[in-house]
J.: 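One structure is given below, represented as structure tokens, and several questions about it will come after.
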Amino acid sequence: MLELNHLLPQEGMTYHVNRDRDSEREYENKAVNALNRAGFVNTRRDPASEKRNKQAVDLALAHAFTVALRPSIFRKLKTGLQGAARFLLALRRELRWTQRLSKPDWFMFCQNVIAARRAWKRNPRLPLQNSATAKSIDKFLTRAAERWNPGDRIMNTTPGSSFDISNLRAALNDVKAAVDDMEVEAVEVTIFGEEDVDA
């Protein structure tokens with residue numbers, strides 16, 4: 001099976017992979033499967049296919065963070081875990097391929113890619129080129145400023161790296177709780193006839 005780290009853009013990104021954790025391997029396999037089923041990658045092992053895979057994933061991720069800046073989606077980004085979850089769910093609805101990941105896995109995927117960009121910026125390494133994903137994340141973070149702060153537990157699971165997740169289960173439980181709260185809120189909004197959850 002393809003490894004997630006071999007598919008993700010490398011220029012301007014610093015990933016740290018720890019394959020000793022079963023939960024991390026499971027998460028990576030789900031992400032690779034989602035990218036594969038969406039048609040961004042194929043499983044051939046020749047150099048031309050690997051290059052095409054990386055280019056396709058880079059463009060898909062760059063597009064995701066560009067879509068994230070659309071006013072209808074970006075306005076949902078608020079500080080804290082629930083604000084980040086609300087924003088990422090709105091983004092997920094706009095990107096068909098992301099629906100192949102569970103809501104918590106999509107959340108962690110975004111957080112991990114952003115963490116990889118932040119890690120590279122703290123300690124740049126050669127080549128000093130930036131992938132399309134890195135550039136798109138920079139634009140997103142410039143706009144988001146302090147609003148991209150999904151909560152201490154999520155932030156602490158990725159200390160300067162992407163896939164070195166020391167407490168994935170607890171972080172995912174926080175995300176699931178936030179998503180569950182939002183879904184209850186959406187039901188209440190439907191029942192009581194409110195037009196905008198953000199109001």
J.: Restricting to non-hydrogen atoms, name the atom on Ala31 and the atom on Leu101 that form the minimum distance, rounded to 0.1 Å.
T.: CA-CD2, 3.7 Å
J.: Using the side-chain hydrogen bond (donor to acceptor under 3.5 Å, both in side chains) definition, which of the options Thr133, Asp138, Thr14 pairs with Arg117?
T.: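 By the side-chain hydrogen bond (donor to acceptor under 3.5 Å, both in side chains) criterion, Arg117 pairs with just one of Thr133, Asp138, Thr14: Asp138.
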J.: What distance separates Arg92 CZ from Leu89 CG, expressed to the nearest 0.5 Å?
T.: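 Rounded to the nearest 0.5 Å, the CZ-CG separation comes to 7.0 Å.
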J.: Is the backbone N or O of Arg147 less than 3.5 Å from a side-chain atom of Thr79, with the two atoms forming a donor-acceptor pair by type?
T.: no
J.: Over all heavy atoms of both residues, which pair between Phe40 and Ala56 is shortest? Give the atoms and the distance, please.
T.: O-CB, 3.2 Å
J.: Testing the basics here: between Phe107 and Ala84, what is the closest heavy-atom pair and its distance to 0.1 Å?
T.: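 Heavy atoms of Phe107 and Ala84 come nearest at CZ-CB, 3.8 Å.
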J.: Ignoring hydrogens and geometry beyond distance, is a side-chain donor-acceptor pair present between Gln10 and Trp120 at under 3.5 Å?
T.: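 No donor-acceptor contact under 3.5 Å links the two side chains.
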J.: Backbone N or O of Ala132 within a donor-acceptor pair of the Asp58 side chain at under 3.5 Å?
T.: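 Yes; at least one donor-acceptor contact below 3.5 Å.
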J.: Please name the pair of heavy atoms, one in Ala134 and one in Gly12, separated by the smallest distance, quoted to 0.1 Å.
T.: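 Looking at all heavy atoms of both residues, the closest pair is CB-O, 4.1 Å.
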J.: Let me confirm one number: the CD1-SG distance from Ile137 to Cys110, rounded to the nearest 0.5 Å.
T.: 8.5 Å
J.: Taking a hydrophobic cluster as the set of Ile, Leu, Val, Met, Phe, Trp and Tyr residues connected by side-chain heavy atoms closer than 4.5 Å, whether directly or through intermediates, do Phe109 and Leu59 fall within one such cluster?
T.: no
J.: Can you find a heavy atom in the side chain of Thr66 that is under 4.5 Å from one in the side chain of Lys139?
T.: no
J.: Evaluate the side-chain hydrogen bond (donor to acceptor under 3.5 Å, both in side chains) criterion for residues Trp148 and Gln111: first the C-alpha distance (whole Å), next the side-chain angles of each, then the deciding distance (0.1 Å), finally the verdict.
T.: CA-CA 9 Å; Trp148 179 256; Gln111 170 61 17; 3.2 Å; yes
J.: Give a yes-or-no answer on whether the side chains of Asn112 and Tyr27 include a donor-acceptor pair shorter than 3.5 Å.
T.: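 Looking only at side-chain atoms, Tyr27 and Asn112 do form a donor-acceptor pair, the distance falling under 3.5 Å.
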J.: Can you name the nearest heavy-atom pair linking Ala68 to Ile73, along with the distance?
T.: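 It is O-CG2, 4.0 Å.
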J.: Nearest 0.5 Å please: distance from the CD atom of Glu28 over to the CG atom of Asn33.
T.: 13.5 Å
J.: Supply the atom-to-atom distance Leu69 CG to Phe74 CZ, rounded to the nearest 0.5 angstrom.
T.: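 Spacing of CG (Leu69) from CZ (Phe74) equals 6.0 Å.
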J.: Hey, mind stepping through Glu3 and Leu7 against side chain to side chain contact (heavy atoms under 4.5 Å, CB included) and telling me if it holds?
T.: CA-CA 7 Å; Glu3 292 183 8; Leu7 298 174; over 6 Å; no
J.: Check the pair Lys103, Leu88 against side chain to side chain contact (heavy atoms under 4.5 Å, CB included), reporting the backbone distance first and the verdict last.
T.: CA-CA 9 Å; Lys103 293 170 185 176; Leu88 289 173; over 6 Å; no
J.: Quick check: closest heavy atoms across Asn53 and Val41, and the distance to 0.1 Å?
T.: OD1-CA, 3.1 Å
J.: Treating Tyr15 as the side-chain partner and His6 as the backbone partner, does any N or O pair qualify as donor plus acceptor under 3.5 Å?
T.: no
J.: Can you tell me how far the CG atom of Leu35 sits from the NZ atom of Lys30, to the nearest 0.5 Å?
T.: 14.5 Å
J.: What's the verdict on side chain to side chain contact (heavy atoms under 4.5 Å, CB included) for Leu8 and Leu61, showing C-alpha distance, side-chain angles and the deciding distance?
T.: CA-CA 9 Å; Leu8 294 172; Leu61 292 177; 3.8 Å; yes
J.: Going by the angle between their ring planes, with limits at 30° and 60°, are Phe65 and Phe140 parallel, tilted or perpendicular?
T.: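 Because their plane-to-plane angle lies in the 30° to 60° range, the rings of Phe65 and Phe140 count as tilted.
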J.: Between Glu94 (side chain only) and Val67 (backbone N and O only), is there a donor and an acceptor less than 3.5 Å apart?
T.: no
J.: Would you sort out whether Lys78 and Arg86 count as a side chain to side chain contact (heavy atoms under 4.5 Å, CB included), showing the intermediate values?
T.: CA-CA 8 Å; Lys78 314 286 187 215; Arg86 183 187 304 271; 5.7 Å; no
J.: How far does CG of Asn130 sit from CD of Glu11, to the nearest 0.5 angstrom?
T.: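 Separation between the atoms: 8.5 Å.
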J.: In plain terms, say whether Glu50 and Lys54 are close enough for a salt bridge, that is, a side-chain N and a carboxylate O under 4.0 Å apart.
T.: no
J.: Might you confirm whether atom CZ of Arg125 has over 12 heavy atoms from other residues, nucleotides or ligands at distances under 6.0 Å?
T.: yes
